[in-house]
Amino acid sequence: VFIGSTLVDVYAKCGNMLEAHQAFQSLQERDVVIWTAMISGYARQGQGEMALELYVQMQQSGIKPDNATFLCILRACSSIGALGMCIMVHHDLSRSRAKLSVEVATALVRAYSKCGNMAAAQQIFDALPHHDLVSWNTLLAAYAQQGDCQAGLCCFEQMQQEGTNPDAVSFVSVLTACSHAGMVDEGLYYFELMHRKYGIPATVQHYTSLVDLLGRAGLLHKVEELLADVAMPLD
RNA sequence: GGCGUCGAA
């Protein structure tokens, strides 16, 4: 069973869902892990409908989804933006009566936000007893990507107040939000803060956001200034 | 053996 399962997972991880499906069909015993590996494969390929189909079949065959299954099916909801599917999975989670883990709640936050329901995303986030770095980053990225920079920056301040230090991923979202809103001073401020207060080295993503922000504001001299140190070694 | 955030593939 483990060898066949490993085979399914290897194909699924490579995105070869045709081969994965064949290997999956040839198994006589299918446990929750192997069903979930298939769902995960479809979800990562953006084949949300297939993921959902397997999720339903799995339960029909008497296998109960566990935490990992929920994470994978929620990834599928996110990737195709299927709000109805997201709500259905949310119901399944409530029905299971288990307390939401921070991982599953975070996946729900992401799924609702990708389906365009920020109110539901925020509500699930608020109901969490404890917010960790990843859950903060998820909410922050959601607001930044929706272009709600005010909510995003608010979220960023709140996370610090509640004692979670932002990381490089957090700052990508913050700079994205500033860039989206054309907030030059704020963008420069947060870029500085990242290095000075948190000692986080800037990545290409951070530079890209900031250059975009400065460029669209017509501040080309600032762009040159910013890139001078970076470009020097390339000359 | 399947496993939550930006990005990447």
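Note that the structure is predicted; figures quoted are calculated from it, not measured. Each chain gets a letter, A, B and so on, in the order its sequence line appears, and its residues count up from 1.
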**Qualifying residues under side-chain hydrogen bond (donor to acceptor under 3.5 Å, both in side chains), relative to A:Asp185, sequence neighbours excluded** = none
**Request:** Sort and list the pairs that fulfil salt bridge (Lys or Arg N to Asp or Glu O under 4.0 Å) and have at least one residue in residues 80-98 of chain A, not counting sequence neighbours.
**Result:** A:Asp92-A:Arg95
For a quick check under 3.5 Å, do [X] and [Y] share a side-chain donor-acceptor pair by atom type?
X        : Y        : value
A:Thr69  : A:Asp66  : yes
A:Glu225 : A:His221 : no
A:Asp132 : A:Ser135 : yes

**Prompt:** Does A:Val172 offer a backbone N or O that forms a donor-acceptor pair with the side chain of A:Thr176 under 3.5 Å?
**Reply:** yes
**Message:** Looking at A:Arg30 and A:Gln25, would you say the former's side chain and the latter's main chain have a donor-acceptor pair under 3.5 Å?
**Reply:** yes
Separation of [N] [atom2] from [X] [atom1] (nearest whole Å):
X        : N    : atom1 : atom2 : answer
A:Tyr55  : B:C3 : OH    : P     : 17 Å
A:Met38  : B:C3 : CE    : P     : 14 Å
A:Arg75  : B:A9 : CZ    : C1'   : 13 Å
A:Met58  : B:G2 : CE    : P     : 16 Å
A:Leu54  : B:G2 : CG    : C1'   : 13 Å
A:Met118 : B:U5 : CE    : C1'   : 13 Å
A:Gln45  : B:A9 : CD    : C1'   : 11 Å
A:Arg30  : B:G2 : CZ    : P     : 19 Å

**Asked** Is the phosphate of B:C3, meaning OP1 or OP2, less than 4.0 Å from a side-chain N or O of A:Lys13?
**Response** yes
**Prompt:** Is A:Arg44 near enough to B:A9 that one of its side-chain N or O atoms lies under 4.0 angstrom from OP1 or OP2?
**Reply:** no
**Item:** Of the listed nucleotides B:G1, B:G4, B:C3, the one nearest the side chain of A:Asp132
**Value:** B:G4
**Request:** For the side chain of A:Ser5, starting at C-beta, report the closest nucleotide among B:G1, B:C6, B:G2.
**Result:** B:G1
**Request:** Verify the neighbour count for atom CD of A:Gln59: are there more than 12 heavy atoms of other residues, nucleotides or ligands below 6.0 Å?
**Result:** yes
**Item:** No-H, no-angle donor-acceptor pair, A:Asp31 side chain to B:G1 base, under 3.5 Å
**Value:** yes
**Prompt:** Base, sugar-phosphate, or nothing for A:Val8, non-hydrogen atoms under 4.0 angstrom?
**Reply:** nothing
**Asked** Which part of the nucleic acid does A:Val32 contact within heavy-atom distance under 4.0 Å: base, sugar-phosphate only, or nothing?
**Response** base
**Message:** Which residues in residues 64-73 of chain A have a heavy atom closer than 4.0 Å to any atom of RNA chain B?
**Reply:** A:Asp66, A:Ala68, A:Thr69, A:Leu71
**Request:** Scan residues 134-148 of chain A against RNA chain B and write down, sorted by residue number, each residue with any heavy atom closer than 4.0 Å; if none is found, say none.
**Result:** A:Val134, A:Ser135, A:Asn137, A:Thr138, A:Ala141, A:Gln145
**Message:** Applying side-chain hydrogen bond (donor to acceptor under 3.5 Å, both in side chains) as the test, list every pair that has at least one member in residues 196-206 of chain A; sequence neighbours left out.
**Reply:** A:Gln160-A:Tyr198, A:Glu192-A:Arg196, A:Thr203-A:His206
**Request:** Not counting sequence neighbours, which residues clear ring pair (Phe, Tyr, Trp, His ring centres under 6.0 Å) with A:Phe24? List them please.
**Result:** A:Trp35
